[in-house]
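Working notes for the structure below.
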Amino acid sequence: MRKSILTICLSLTLTMGASAQIPDAHIVKINSIEDLQNYFKYSPDRDIIISGHRGGMMSGYPENCIESCEKTLSLMPTFFEIDFSFTADSIPVLMHDLTIDRTTTGKGKVSDYTYAQLQEFNLVDRDKKVTPYKIPTLKQMLEWGKDKVVFNFDNKYINTKGVPDSVKRAALEYYARQLSPGGDWADYHNIMLSVRSLDEALFYWNKGLRNVMFCVEISKPEHYEAYDASPIPWKYIMAYIRTAVNPDMQKIYDKLHSKGVMTMTSITASSDKIKNNGDRRVAYHRDLLSEPDIIETDYPSEFIGLPWTRKAIHAQQDAATAKRRK
């Protein structure tokens, strides 16, 4: 993987139009790894965090788009999972797929176009509505989000079908290089890495990275045991527990909580897929009542008006329990 030419991205004229007003209460300033660890530290009294998958989206606001992130953050506190791919001139741009067919007015592989050529296309939203927004560079997104929000990087080269092992290895090396002292991401303290395995987490850890946290899957007791035996301290971990809270795993969740580790469900392939708006909102409500610490969703703004606070959730749980006992 060629070294990215990020210097041309430093002129951050983002063509964002009028910026959304972001309330101070929605802003998170992360200036160190300790700040990041405190942000993800479990407390039984904390509100459930609703995280925006692919930057969050809504009608008129596409995925992996600065304007979409800004709009969502203006409406609610959150953090964003984002994805990027590389252009022909080795610039990382926000794009979930390795092609631009699904999310833009263009067609073809991201790697077939230079960054300048990609700017000829517009992003489209989930309903295929063409928006005025352009594909941003990763640098632009990081500059927008510093002193504002946390990002969860998902390395698409690791789990995308058809990507050869040599490219996967190059992607891991690229991440480690950018996060190391002198790397392009080293001065940003608001980055979490989603990893697919303990081996991947250990790759970064053994490279000496101590300035990021890891979102790791812990959906089985053996996952917990493996990380507990690893050299990575729990304060560097956030636990992805898959699509729903599993009552059979409660003892593991309790152990994670005792170590200050938050748990996250991702409902992008479950509740988010329900077509009927009313039924989808009922599913979101049910997801909240199951009490993961974080819920990752494509549509974070649709959670507005539902109970996020532990107090409100516990009150509804108690009411439901009392009703069943009558």
Side-chain angles (χ1 to χ4, degrees), residues 1-14 28-40 55 64 66 69 79-95 110-111 114-116 118 135-159 163 165-216 230-233 235-238:
M1 191 174 298
R2 289 168 288 178
K3 188 180 190 305
S4 64
I5 309 171
L6 291 175
T7 53
I8 74 171
C9 305
L10 293 176
S11 56
L12 301 174
T13 52
L14 301 180
V28 176
K29 294 186 178 182
I30 307 293
N31 296 313
S32 66
I33 182 60
E34 291 78 17
D35 287 346
L36 186 63
Q37 289 167 341
N38 284 333
Y39 178 76
F40 284 109
N64 282 313
I66 291 173
C69 290
F79 71 92
F80 297 110
E81 182 265 0
I82 57 174
D83 319 89
F84 58 91
S85 300
F86 289 86
T87 64
D89 46 350
S90 300
I91 296 173
V93 294
L94 271 284
M95 186 64 56
V110 178
S111 58
T114 65
Y115 170 67
L118 285 177
I135 300 170
T137 67
L138 176 62
K139 180 69 173 180
Q140 289 171 341
M141 181 65 89
L142 286 171
E143 283 294 298
W144 170 82
K146 68 180 182 181
D147 297 326
K148 202 179 276 128
V149 73
V150 172
F151 292 118
N152 183 8
F153 284 11
D154 191 1
N155 191 336
K156 303 314 297 180
Y157 292 87
I158 301 302
N159 71 323
V163 174
D165 289 342
S166 60
V167 174
K168 292 180 181 180
R169 178 73 185 193
L172 291 173
E173 294 283 359
Y174 177 85
Y175 269 52
R177 188 166 63 250
Q178 302 313 319
L179 286 163
S180 296
D184 292 320
W185 308 341
D187 291 334
Y188 299 99
H189 304 286
N190 57 339
I191 296 172
M192 170 178 280
L193 300 184
S194 277
V195 299
R196 294 307 194 287
S197 67
L198 175 57
D199 286 343
E200 186 181 346
L202 286 172
F203 174 87
Y204 297 124
W205 187 258
N206 292 334
K207 286 285 187 179
L209 298 184
R210 302 294 186 269
N211 56 340
V212 294
M213 291 183 64
F214 306 108
C215 174
V216 310
S230 82
I232 304 174
K235 63 183 179 180
Y236 283 89
I237 298 293
M238 187 263 277

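Keep in mind that the numbers below use all heavy atoms, side chains included, and drop hydrogens, waters and symmetry copies. Computed from a prediction, not measured in an experiment: that's the story for all the values here. For the single chain, residues carry numbers from 1 onward in sequence order.
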- Query: How would you list, by chain and number, every residue that makes a salt bridge (charged side-chain N to carboxylate O under 4.0 Å, His left out) with K168, sequence neighbours excluded?
  - Reply: none

- Task: Go through the steps to decide whether D199 and S197 satisfy the test side chain to side chain donor-acceptor pair (under 3.5 Å), and finish with yes or no.
- Result: CA-CA 5 Å; D199 286 343; S197 67; 5.0 Å; no

- For residues Y157 and Y174, establish whether the separation of their ring centroids is below 6.0 Å. no

- Item | S32: side-chain contact (heavy atoms from CB on, under 4.5 Å) partners, not counting sequence neighbours | E34, D35

- Closest approach of F84 and P92, non-hydrogen atoms and distance? CD1-CB, 3.6 Å

- Message: Nearest 0.5 Å, please: how far is NZ in K139 from CD1 in I91?
- Response: 12.5 Å

- Query: Does any non-hydrogen side-chain atom of M238 lie less than 4.5 Å from one of V216?
  - Reply: no

- Query: Distance from F151 atom CZ to L138 atom CG, nearest 0.5 Å?
  - Reply: 8.5 Å

- Under the 3.5 angstrom rule, does the side chain of N190 hit a backbone N or O of V149 as a donor-acceptor pair? yes

- Task: Establish, for the pair R210 and W205, whether the NZ or CZ atom is under 6.0 angstrom from the six-membered ring centre and no further than 45 degrees off its axis.
- Result: yes

- Message: Could you tell me if the side chain of I232 sits less than 4.5 Å from the side chain of L202, heavy atoms only?
- Response: yes

- side-chain contact (heavy atoms from CB on, under 4.5 Å) partners of S180, counting only residues at least two apart: L209

- Message: Can you tell me how far apart OH (Y188) and CG (N211) are? Round to the nearest 0.5 Å.
- Response: 13.5 Å

- If you look at every heavy atom in L94 and M141, which pair is closest and at what distance? CD2-CB, 4.0 Å

- Task: Report the residues that fulfil side-chain contact (heavy atoms from CB on, under 4.5 Å) with V212, sequence neighbours left out, ordered by chain and then residue number.
- Result: L179, I191, L193, F214

- So how far is it from F153 CZ to Y175 OH, rounded to the nearest 0.5 Å? 6.5 Å

- Got a donor-acceptor contact below 3.5 angstrom from the Q178 side chain to the D184 backbone? yes

- Query: Quick one: CE on M192 to CE on M213, what's the gap to the nearest 0.5 Å?
  - Reply: 4.5 Å

- Message: For N159, I'd like to know if atom CG has over 12 heavy atoms of other residues, nucleotides or ligands within 6.0 Å.
- Response: yes

- Item | Residue pair S111, F86: steps toward the side chain to side chain contact (heavy atoms under 4.5 Å, CB included) verdict | CA-CA 6 Å; S111 58; F86 289 86; 6.0 Å; no

- Task: Please list, chain by chain and in numerical order, all residues satisfying salt bridge (charged side-chain N to carboxylate O under 4.0 Å, His left out) with R169, sequence neighbours excluded.
- Result: E173

- Can you tell me if D83 uses its side chain to pair, donor with acceptor, with the backbone of M95 under 3.5 Å? no

- Going by the side-chain hydrogen bond (donor to acceptor under 3.5 Å, both in side chains) test, which pairs reach into residues 146-155, not counting sequence neighbours? E143-K146, N152-S194, D154-K156, D154-R196

- Query: With a 4.5 Å heavy-atom cut-off, do Y204 and L172 have their side chains touching?
  - Reply: yes

- Item | Closest approach of Y115 to D89 (non-hydrogen atoms, all atoms of both residues) | N-OD1, 3.0 Å

- Please lay out, stage by stage, how F79 and F40 fare under the test ring pair (Phe, Tyr, Trp, His ring centres under 6.0 Å). CA-CA 11 Å; F79 71 92; F40 284 109; 5.2 Å; yes

- Item | I135 CD1 to Q140 CD distance, which is reported to the nearest 0.5 Å | 11.0 Å

- Is the closest side-chain heavy-atom distance between L198 and S230 below 4.5 Å? yes

- Looking at side-chain heavy atoms only, is the closest gap between I30 and Y39 below 4.5 Å? yes

